Every structure is written in C-alpha cells, then in structure tokens.
Amino acid sequence: MAIALLGMLAQMERIYRLERAAGARAAREARGLPTGRPAKRNATTCDGAAQRIKDGAIPEQVAAELGVSRSTLYRELRKHRESTSHED
C-alpha cells in the first residue's frame with residue numbers, strides 16, 4: 001500500500017510539473033520571448049558552411065567542425081536557404 005501511495009504521489013507531481021512547464025512556456029510566448037533550446041548555429045555560421053561546401057569542402061568535415069551531424073548540417077542549410085529566398 002505504501003508503494004502504491006508513493007507511485008500516486010510521483011504521478012501527481014509529474015502532472016503538476018508538466019502544468020508548470022506549460023504555463024511558463026505560454027507566459028514566454030505571450031511576452032514574445034523565445035521558447036525551447038537555443039540554436040547552435042546562426043545565419044553567419046550557415047553562410048560560412050554553405051560557402052565552404054560550394055568551394056568544394058566535404059560536408060562531413062564541415063559538419064564535424066561545427067559539431068553537428070551531416071544530416072543536421074543539411075537540414076540547417078535547407079532552412080537557411082529557404083529563409084534567405086523568402087527575404088529576396
């Protein structure tokens with residue numbers, strides 16, 4: 001019975017923690033602040049990576065230098081390319 005009671009309390013605490021996190025996230029969004037994990041790369045980094053690949057660098061090496069996987073590099077370059085095409 002004690003184990004069941006501890007399990008119930010742990011489940012209740014988990015629900016409360018999720019509600020607090022959702023409330024904090026909603027408050028940040030309402031104030032216009034960013035939510036989630038900050039990006040490792042910025043536009044300058046993506047520009048440099050795209051230029052290096054265009055100049056003939058191996059994508060795996062560029063990804064290793066940035067500290068990301070090759071698929072992450074390609075995904076970020078695609079997002080960057082789409083965002084710059086919308087600005088033009």
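Note: hydrogens, waters and symmetry copies are ignored here, and every other heavy atom, side chains too, is used. Keep in mind it's a predicted model, so treat the numbers as computed, not measured.
Cluster partners of M1, using a side-chain heavy-atom cutoff of under 4.5 Å among ILVMFWY residues and allowing indirect links: none. Side-chain heavy-atom separations under 4.5 angstrom define the hydrophobic clusters, and the remaining members of the one that includes L77 are I53, V62, L66, V68, L73.
By the neighbour-count criterion of 12 heavy atoms within 6.0 Å, atom CG of L18 is densely surrounded, having more than that number from other residues, nucleotides or ligands.
M12 is not listed as a side-chain neighbour of I15, based on a closest heavy-atom distance of 4.5 Å or more.
Rounding to the nearest 0.5 Å gives a distance of 10.5 Å between OG of S71 and CD of E76. In this structure, CG on D47 lies 14.0 Å from CZ on R52, to the nearest 0.5 angstrom.
Under the 4.0 Å criterion applied to side-chain N and carboxylate O atoms, R20 and E13 are assigned as salt-bridge partners.
Under a 3.5 Å cut-off, the side chain of R28 and the backbone N or O of P34 do form a donor-acceptor pair.
Shown here are the side-chain contact (heavy atoms from CB on, under 4.5 Å) partners of Q61, two or more places apart in sequence or in another chain: I58.
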